[in-house]
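Accompanying notes for the structure given below.
Here is how names work: the chains are called A, B, and so on, in the same order as the sequence lines, proteins then strands, and each is numbered from 1.
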Amino acid sequence: TVLANEQVIDGRGWRSNALVEKRELAQWFLKITDYSEELLEALDTLDRWPEKVRLMQRNWIGRSEGLRFSFALEDEKGAALDERLTVYTTRHDTIFGASFCAVSADHDLARKYAETDPGLAQFRREVAALGTSEETIERAEKQGYLLPVYARHPFRDGVRLPVYAANFVLSGYGEGALFGCPAHDQRDIEFARKYGLPVIPVVAPKDADAAIFAIGDEPFLEKEGDQAVLINSDFLNGMTVPQAKEDVARRMEAMGIGERRVNFRLRDWGVSRQRYWGCPIPAIHCGKCGIVPVPKQDLPVILPEDVTFDKPGNPLEHHPTWKHVACPRCGRAARRETDTFDTFVDSSWYFARFCSPHSDVPVTEDAAKYWMPVDQYIGGVEHAILHLLYSRFYSRAMKRTGHFAVDEPFASLFTQGMVIHETYRTEAGEWIFPADAELRDGRWFHARTGEVLTIGGVEKMSKSKRNVIDPEAILERYGADTARWFMLSDTPPERDIEWTESGVEGAWRFTQRLWRLVHDALEHGEAGGPLPATGEALTLRRAAHKALHAVTGDLNGLRFNRSIARIYELANALTSALQSDDRAPPMRRALREAAEIMVLMFAPMMPHLAEECWQVLGHVTPVVETPWPVADPALIADDEVTIAVQVNGKRRDEVRLAKGMEKAEVEAIVLRLDSVRRALDGRLPKKVIVVPDRIVNIVG
RNA sequence: GCGGGCGUGGCGGAACGGUAGACGCAACGGACUUAAAAUCCGUUUUCCGUAAGGAAGUGAGGGUUCAAGUCCCUCCGCCCGCACCA
């Protein structure tokens, strides 16, 4: 099948891992490039998206400002030709350093001369056969094939540049043709050195001597602060790079051979897939009428169910009858399009449908207006330039056709990490499932064959390396709550988490502990009774409300690992309180209250256990229907605080003082401390900095 | 090559510029047990010291500050994205 270039990762299909090769085919595209500028500019409005993702999209769209201009051409004998060669450049300031032109192997000029030159035809085939992976491209040497034409320099009479077909020129970018200035471009200098082309420096640091400034095997690339100026460039000499660009652009525009142009790296989105599982592209090919859209009343086009997968290729193509239809326009026998849409087409607007799932029409604008944009979107960073770019485009396109209400579908984006796991392999190099690996005396063995295993890296779970965990087995043994708790507990959600057996065990033990704690709190606690005013009971009550305050903030900020740490702290506080001798009514009430707060707090992360515990505690209304509790502000603030005491920036002591104590008073108390006097060693304090309720630093 | 991110105990990781190492895992010691598991209690950055206490410490080096894991500069290492984009 065919893929969009976003879906090619390291020269392989993003999903199938199959090697990708280039071929020329007729395919369907969605014109995402019409939105290049908009998609780029609007990135600045997405202030609740990770900077990383916005940057990736910015780079992928790849805007560049340059100049498109054309060279007059002549043949080998110097006779003028009718056609011109159009190139795109962002470095028109270096035009006097030009020493060659190059076109892609697919360029019209290369095609034309290949018809009569078998060597060129062969060269074009070789370039086409080159793989698309980065390794291949990097290893491939720059190669050119000299064409029998020359480009006339626009500003220098009599100067002509050789024109090559070259393997490094991309047909899909700019004009598929360029002029090379070896002195100021890495790629161009490699090419020039290989083919013995002139290297003329035309930009030099301000203080360099133009007469002797020379280029070796590295081009001179202007850095910030160089204040570089033009040399060897006729009327441009002495200008800065921006000045020279402006001047050249203006002259070429005046000459009618060039125009300023913004170019994008983004290509149109190839959506044709030669597969059965997808929405059929609703088009009909008629010999007389050409391409005819399927009429609205015939939509959607339904896939046939009697297909076979016994042959390679698209089953729709092989189906005996499905593709044969009458042309909706002229009624003659016609052929139905058998390509289906890329799955990303569907995922580009499902959220719009979700706003009105029972509607007869795909999307209702009122519902979309009410719900959109999505407040919080969560997904893996692997979608940074696939799903997340396509959806942004699709929303805009649907808005234009009156189907949707917003430009940006996702107001806030959070990119979560992946689950990773250790890898194990036998001496023969065979990957082994973690379930089959066994740790004995610090070494890993195959559980069934007893073979010694080597531990490989901790990697993204993948079928090929077999470092996967069967979710069914986890659910069977520990339950879904334990699995959730473990995944949320150890690692911040934006990072990859390593799945470890001991970590899961730990989570599972904690679920048991919570269950016991709730029962103990029920036994020793009480729902009513007087509020605790002093002692351990008040301490526990404070701990519960502080935990609640912290967890509320952490959950809102998606800091699940920290919420869980707070819940552990409260569980520890509850455990110690249960061991206290205090069983007076205020303590009984505090125990019960702490247990209830604890259950409500872990409910979002372990819903099943929470419902069970909630019922144990005597509640009829389920947790899901219970509002999130609110911490009592009076209990969050302490009336005593621990203040660290530093001498010359080193911690020497700490003191418990009343909250909000006057600076002068704090200073007096602290200066009397033995530890402080010892550290000062007879010196007088020069300065005392008191940060209220936090820290004191004495400079001596 | 360009762009971005990150370097903190044995491990995962906490720390509005203000007591580095919360919480968990692992390890070790103890209680309970005929024993083990489970559970409970404790220890656990490193070095010196029986202890009290002291010294060093967030990849390396410098700087700003009363105070730096956090801010600034230089370097080293790792990870991610893009990659012949003219």
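- A salt bridge links A:K546 with A:D638: the closest approach of a Lys/Arg side-chain nitrogen to an acidic carboxylate oxygen falls below 4.0 angstrom.
- Here A:V688 lies out of heavy-atom contact (under 4.0 Å) with every strand.
- Checked against the 6.0 Å centroid threshold, A:F191 and A:Y164 count as a close aromatic pair.
- Classification of A:E190 and A:R187 as a salt-bridged pair fails, no side-chain N sitting under 4.0 Å from a carboxylate O.
- A glycosidic torsion no more than 90° from 0 defines the syn conformation; B:rG53 lies beyond that range and is anti.
- Looking at A:E640 and A:K659, no side-chain N of the basic residue comes within less than 4.0 Å of a carboxylate O on the acidic one, giving no salt bridge.
- Side-chain N/O atoms of A:R58 include none lying less than 4.0 angstrom from OP1 or OP2 on B:rG81.
- A close approach under 4.0 Å does occur between a side-chain nitrogen or oxygen of A:R509 and OP1 or OP2 of B:rA26.
- Nucleic acid contact for A:N572: sugar-phosphate only, since backbone atoms but no base atoms lie under 4.0 Å from a heavy atom of the residue.
- For B:rC41, the OP1/OP2 oxygens have a side-chain nitrogen or oxygen of A:Q579 closer than 4.0 Å.
- The separation of B:rU44 from B:rG10, taken at their C1' atoms, amounts to 11 Å, rounded to a whole angstrom.
- Toward the 5′ end of RNA chain B lies the nearest nucleotide of A:R652, the other residue of the pair A:R652 and A:K687 mapping further downstream.
- When heavy atoms are screened at a 4.0 angstrom cut-off, A:N263 is found touching no nucleic acid atom at all.
- Rounded to whole Å, the separation between the P atoms of B:rC71 and B:rA14 comes to 16 Å.
- Which of B:rC16, B:rC23, B:rC85 sits closest to the side chain of A:R267 comes down to B:rC85.
- A salt bridge does not link A:R260 with A:E65: every distance from a Lys NZ or Arg NE/NH1/NH2 to an Asp or Glu carboxylate oxygen is 4.0 Å or more.
- Residue A:Y88 has no polar side-chain atom (N or O) positioned under 4.0 Å from OP1 or OP2 of B:rA86.
- Across the protein-nucleic acid pair, A:D496 atom CG and B:rC6 atom C1' stand 13 Å apart, rounded to whole Å.
- Close to B:rA56, at under 4.0 Å from its OP1 or OP2, lies a side-chain N or O of A:K650.
- Looking at which nucleotide of RNA chain B each of A:P492 and A:I695 is closest to, the 5′-most match is held by A:P492.
- A close approach under 4.0 Å does occur between a side-chain nitrogen or oxygen of A:R495 and OP1 or OP2 of B:rA14.
- Using a 4.5 Å heavy-atom cutoff, the side chains of A:T552 and A:M601 are not in contact.
- Residue contacts shown for A:R566 are absent, as no nucleic acid heavy atom lies under 4.0 Å away.
- Across all strands shown, A:V691 has heavy atoms under 4.0 Å from base atoms, whether or not it also approaches the sugar-phosphate.
- Between A:N59 and B:rA83, a side-chain N or O to OP1/OP2 separation shorter than 4.0 Å is absent.
- Dashed line: the shortest gap from a side-chain N or O of A:R678 to OP1 or OP2 of B:rG54 is under 4.0 Å.
- Atom CD1 in A:I698 sits about 14 Å away from atom C1' in B:rG18, given to the nearest Å.
- For A:K142 against B:rC84, a side-chain-to-base donor-acceptor contact under 3.5 Å is present.
- In this structure, A:N697 places its CG atom 7 Å from P of B:rA67, rounding to the nearest Å.
- Distance CG (A:L170) to C1' (B:rC82): 13 Å, rounded to an integer number of Å.
- As judged by a 4.0 angstrom heavy-atom cut-off over every strand, A:Q646 is placed among the base-contacting residues.
- Within the 4.0 Å cut-off from OP1 or OP2 of B:rG57, not a single side-chain nitrogen or oxygen of A:R651 is found.
- Nucleic acid contact class of A:R516 (heavy atoms, under 4.0 Å, all strands): sugar-phosphate only.
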